[in-house]
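On a predicted model such as this, the values are computed, not experimentally measured, just so you know. What you see below is based on every heavy atom in this structure, not just the backbone, and it leaves out hydrogens, waters and symmetry mates.
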Amino acid sequence: MKLVIQNVSPVWGGNEKWLATLASGLVARGHEVVVACRREGPVAGELGRRGIRTAAMRAGGYADPVRAARFARWLRRERPDALLITSWKEMGWAAWAGRRAGARVVVRLGIVRAPRHRRHTLPFRCWVDALIVNASEIRRGWLDAAPWFPADAVHVILNGIRPHGATAADTVRALRESVSAGPETLLFGGAGHVARRKGFDLLLQAFERAAVPDARVVIVGSGPEEAPLRALAERIGIADRVSWLGHRDDVPDVLAACDVFVLGSRNEGMANVMLEAMAAGTPVVATDVSGVRAALGATRDDPPAGWIVPPDDVPALAAALGEVAADLCSGGREAQRRAGEASRRVREWFSVDRMVDEAERVLFARGS
């Protein structure tokens, strides 16, 4: 079977990690996969390094029917069995082109979204066959906003990641030394696209409020909010305790070098970087956004795998940071227990094989 994946992101984020993992898994099973993306940039570059075929084709926005027609002609030449749309921005014309090419059209939503305008509802009423979401909260939010969309066509498929394996002690030591973190320094880490949605401002304010002695913050990633965040760190007096690492290709190693990972997001789906921290054995503190309870929350049979706090609540986040810091300074018994539970969940709940199995069934379904 053949799959075309549409993606127009200018950055390499969790959505792009997900589609790359899916593409690699499907190729390994004998499917043909091509990703239609920007000609240049981190997405095309990283996919090329992974041996995934790309094509510099875009469906265009609603005001660009010429580009849409070109994308439709290209799709008809490619003759895919399915088109997976992973970028909301050009979703309308992409769905139209997929239907004209005779492909099964599937949209992947990685965060909570709703079709608020007619230009968004039209594709889902006319051309989209199914949705893939990575958290039950996204599914509920979608069906509440679009009750006319068939509920049985919205599929929750939890993200899958490959366990990174233990990071070498020398690597951890070198990473910590590079950010001026000594052996006794508590290192709080955040990672992701540096945008308001990711809540790095909440992390900085909570870190200042928690007033943990001999502690530092490290932020991995780049984006439009970096300058305002640097200014915020200066204003609240913690600039000399924050390290900005920018884009890194060794994020799992950086997470392993941190004592605590903090997800301060205001809106998420199932954050890949949270799963990477869990896989690295790093204790996680996360805001209660989509996907977090499924990953970290206690169940009837399972203890909690991290700390969950209300979203957009600096005092609550600061209190959690202080609680984890106190536990780590007294031996880390609770942090180790929750991190161990998190590692187990990654292995058993968030495997790549399971994710690819479920996506394969949705993408190449017949008669549905």
Backbone N/O of V362 and side chain of R104: donor-acceptor pair under 3.5 Å: yes
Atom pair CH2/CD of W93 and Q6 - distance to nearest 0.5 Å: 14.5 Å
Atom pair CD (E268) and OG1 (T287), whose distance is rounded to the nearest 0.5 Å: 7.5 Å
Side-chain donor/acceptor of R345 to backbone N/O of A295, under 3.5 Å: yes
Name every donor-acceptor pair, under 3.5 Å, that has one atom in a side chain of residues 136-147 and the other anywhere in the protein, sequence neighbours excluded.
from	atom 1	to	atom 2	distance (Å)
E137	OE1	G291	N	3.3
R139	NE	V154	O	3.0
R139	NH2	A151	O	2.7

Student check: side-chain heavy atoms of E334 and E323 closer than 4.5 Å: no
Donor-acceptor contact below 3.5 Å, side chain R337 vs main chain G332: no
Taking every non-hydrogen atom, the tightest pair across F261 and T282: N-CG2, 3.6 Å
Side-chain donor or acceptor of W96 paired with backbone N/O of P123 under 3.5 Å: no
Heavy-atom donor-acceptor pair, R216 side chain to V179 backbone, under 3.5 Å: yes
Closest non-hydrogen atom pair between P283 and A335, with its separation: CG-CB, 3.9 Å
Residue pairs passing the side chain to side chain donor-acceptor pair (under 3.5 Å) test where at least one lies in residues 253-262, sequence neighbours excluded: H164-D253, T167-D253, R176-D259
Any side-chain heavy-atom pair of T171 and D250 under 4.5 Å: no
Interatomic spacing from CD in E177 to OG1 in T185 - rounded to 0.5 Å: 11.0 Å
Partners meeting ring pair (Phe, Tyr, Trp, His ring centres under 6.0 Å) with W74 (sequence neighbours left out): F71
Point-to-point distance, once rounded to the nearest 0.5 Å, from CH2 of W307 to CG of L296: 10.0 Å
Side chain to side chain contact (heavy atoms under 4.5 Å, CB included) partner of V218, the single match among L175, L255, L187: L187
E341 side chain reached by P304 side chain, heavy atoms, under 4.5 Å: no
Ion pair check, E90 and R67, cut-off under 4.0 Å: no
Sidechain-backbone polar pair: Q205 side chain, D201 backbone, donor-acceptor under 3.5 Å: yes
Path from L275 to V262 over hydrophobic side-chain contacts below 4.5 Å: no
Minimum heavy-atom distance L75-A101, with the two atoms named: CB-CB, 3.8 Å
From CG (L83) to CG (D81), nearest 0.5 Å: 11.5 Å
Heavy-atom donor-acceptor pair, S343 side chain to M278 backbone, under 3.5 Å: yes
Pair D302-R344, salt bridge (charged side-chain N to carboxylate O under 4.0 Å, His left out): steps then yes or no: CA-CA 11 Å; D302 306 292; R344 180 191 71 81; 2.9 Å; yes
ILVMFWY cluster, V11 and L47 together (side-chain gap under 4.5 Å): no
Shortest non-hydrogen separation from D129 to A153 and the atoms involved: O-CB, 3.6 Å
Residues in side-chain hydrogen bond (donor to acceptor under 3.5 Å, both in side chains) contact with D288, at least two apart in sequence or another chain: R293
Side chain to side chain contact (heavy atoms under 4.5 Å, CB included) between E358 and L158, intermediate numbers included: CA-CA 9 Å; E358 295 175 7; L158 300 179; 5.9 Å; no
Criterion side chain to side chain contact (heavy atoms under 4.5 Å, CB included) on L186 and C329, from CA distance to verdict: CA-CA 9 Å; L186 286 180; C329 289; 3.9 Å; yes
Rounded distance (nearest 0.5 Å) linking atom CG of L3 with atom CG of L19: 9.5 Å
W349 backbone acceptor or donor facing R354 side chain under 3.5 Å: yes
Closest non-hydrogen atom pair, A316 against V309: O-CG1, 3.7 Å
Step-by-step salt bridge (charged side-chain N to carboxylate O under 4.0 Å, His left out) determination, E225 to K198: CA-CA 10 Å; E225 289 295 307; K198 294 294 185 177; over 6 Å; no
Worked check of side chain to side chain contact (heavy atoms under 4.5 Å, CB included) between L232 and F200: CA-CA 10 Å; L232 172 63; F200 290 108; over 6 Å; no
H155 (side chain) donor-acceptor with V133 (main chain) under 3.5 angstrom: no
Pairing residues for D170 by the side-chain hydrogen bond (donor to acceptor under 3.5 Å, both in side chains) criterion, not counting sequence neighbours: R173
With a cut-off of 3.5 Å and sequence neighbours excluded, list every side-chain donor-acceptor pair involving residues 30-38.
from	atom 1	to	atom 2	distance (Å)
H31	NE2	E360	OE2	2.6
R38	NE	V8	O	2.6
R38	NH2	V8	O	3.1

Distance-only side-chain donor-acceptor flag, E226 / W244, under 3.5 Å: no
Atom CD of E348: over 12 foreign heavy atoms under 6.0 Å: yes
Whether over 12 other heavy atoms sit under 6.0 Å from R197 CZ: yes
Minimum heavy-atom distance between G92 and Y62, given as atom pair plus value: CA-OH, 3.5 Å
Check: N134 side chain, M270 main-chain N or O, donor-acceptor pair, under 3.5 Å: yes
Min side-chain heavy-atom separation L363-L22 under 4.5 Å: yes
Flag side-chain contact, heavy atom, 4.5 Å: R79 against K2: no
Test side chain to side chain contact (heavy atoms under 4.5 Å, CB included) applied to I52 and I5, step by step: CA-CA 11 Å; I52 299 169; I5 303 176; over 6 Å; no
Ring geometry between H120 and W88 (parallel below 30°, tilted from 30 to 60°, perpendicular above 60°): tilted
Lys NZ or Arg CZ of R108 over W18 ring: under 6.0 Å, within 45°: yes
